[in-house]
Amino acid sequence: MAKLENYITGFFKTKRHLPHWQLPGREYFVTFELDNPAICNLTDDSLGSIITEQVDSLDNSRIFLFDITIMPSHVHVIFKIKENGSRSESLSSIMQSIKGATAYKINKLLGRKGKLWRSESYDRILRNDKEYKKFSKYIYENAVKANLVESGEKWKWWKQKGIII
């Protein structure tokens, strides 16, 4: 049976413990989490700001950000990698930019050294508008389901820039 990547230009996948698929021009739902939830609460103002500032710094230069929510021990984000001509940056390099910069700044602020984030992130290519809406709703309702707020729009660490696809 022929492999899917033989039929789709630019599609590739990598695997560490989890499979990571990349397809230029598509949107991604990505979750990354603390290596140990006891390290800190990401929703503390100074820590949440570090994360939002780093993701915002990539918006419109390397990615197009659509949704983000920061939870006490993890972050959910939906974005599209900006294409540069016929090339697009790898998902792993985008995640390294986010996780590496935030780990450095958060560790410095907390006066600690060592691993902050789990090595791998969970990522999913969003296939269509229905999937985008499903994951966007999940991000919106995450703080509600965790009993942190009564409605998603009241969550300080939730942002949606608009519907895609």
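Every residue meeting the side chain to side chain contact (heavy atoms under 4.5 Å, CB included) condition with Ser73, not counting sequence neighbours, appears here in chain and number order: Leu34, Pro37. Applying the salt bridge (charged side-chain N to carboxylate O under 4.0 Å, His left out) test to Lys99 and every residue at least two apart in sequence or in another chain returns nothing. For the salt bridge (charged side-chain N to carboxylate O under 4.0 Å, His left out) test, residues two or more places apart in sequence or in another chain that qualify with Lys156 are Asp45. Every residue meeting the side chain to side chain contact (heavy atoms under 4.5 Å, CB included) condition with Glu141, not counting sequence neighbours, appears here in chain and number order: Lys137, Lys145.
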Do Asp123 and Phe29 pass the side chain to side chain contact (heavy atoms under 4.5 Å, CB included) test, and can you show the C-alpha distance, the side-chain angles, and the key distance before you say yes or no? CA-CA 6 Å; Asp123 54 78; Phe29 167 75; over 6 Å; no
Check step by step if side chain to side chain contact (heavy atoms under 4.5 Å, CB included) holds for Trp155 and Thr43. CA-CA 10 Å; Trp155 184 238; Thr43 61; 3.5 Å; yes
Step by step, would you call Arg62 with Lys82 a side chain to side chain contact (heavy atoms under 4.5 Å, CB included)? CA-CA 5 Å; Arg62 295 173 64 194; Lys82 188 173 183 179; 5.6 Å; no
Take Ile94 and Phe79, measure what side chain to side chain contact (heavy atoms under 4.5 Å, CB included) needs, and give me the verdict at the end. CA-CA 10 Å; Ile94 296 294; Phe79 62 84; 3.9 Å; yes
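Judged by distance alone, the side chain of Ser49 and the main-chain N or O of Ser46 form no donor-acceptor pair under 3.5 Å. For the pair Ser136 (side chain) and Lys133 (backbone), a donor-acceptor distance under 3.5 Å is absent.
A donor-acceptor pair shorter than 3.5 Å cannot be found between the side chains of Tyr140 and Asp67.
Summarising the geometry, atom CZ belonging to Phe66 is positioned 10.5 Å from atom CD belonging to Gln160; distances are rounded to the nearest 0.5 Å. Rounding to the nearest 0.5 Å places CD1 of Ile70 at 11.5 Å from CD1 of Ile139. Phe135 contributes atom CZ, which lies 8.5 Å from atom OG1 of Thr31 (distance to the nearest 0.5 angstrom). Taking NZ of Lys161 as the reference point, atom CG of Asn60 lies at 5.0 Å (rounded to 0.5 Å). Distance check: Ile63 CD1 to Leu91 CG gives 10.5 Å after rounding to the nearest 0.5 Å. For the atom pair CD of Glu131 and CZ of Arg26, the computed distance is 9.0 Å after rounding to the nearest 0.5 Å.
Annotation for Glu153: atom CD counts as buried by contact number, over 12 foreign heavy atoms lying within 6.0 Å.
Of all heavy-atom pairs spanning Leu65 and Asp59, the tightest one is N-OD1, 2.8 Å. Closest approach of Ser121 and Val30 over heavy atoms only: CB-CG1, 3.9 Å. Of all heavy-atom pairs spanning Ser97 and Gln54, the tightest one is O-NE2, 3.1 Å.
Partner of Glu33 under the side-chain contact (heavy atoms from CB on, under 4.5 Å) criterion, out of Glu120, Arg118, Met71: Arg118 alone. Of the listed residues (Ile39, Asp44, Ile50), just one forms a side-chain contact (heavy atoms from CB on, under 4.5 Å) with Ile106, and that residue is Ile50.
Remark: Asp56 engages Lys159 in a salt bridge, criterion side-chain N to carboxylate O under 4.0 Å.
For residues 101-115, every residue pair satisfying the salt bridge (charged side-chain N to carboxylate O under 4.0 Å, His left out) rule, not counting sequence neighbours, is listed here: Asp35-Lys115. Residues in residues 32-61 take part in these ring-ring contact (aromatic ring centres under 6.0 Å, His included) pairs, two or more places apart or across chains: Phe32-Trp117.
His76 is listed as a side-chain neighbour of Tyr138, based on a closest heavy-atom distance under 4.5 Å. Here the side chains of Val144 and Val149 are in contact, with some heavy-atom distance below 4.5 Å. Within the 4.5 Å cutoff, the side chain of Leu109 has no heavy atoms near those of the Cys40 side chain.
Note on Tyr104: it does not cluster hydrophobically with Leu42, by side-chain heavy-atom contacts below 4.5 Å among ILVMFWY residues.
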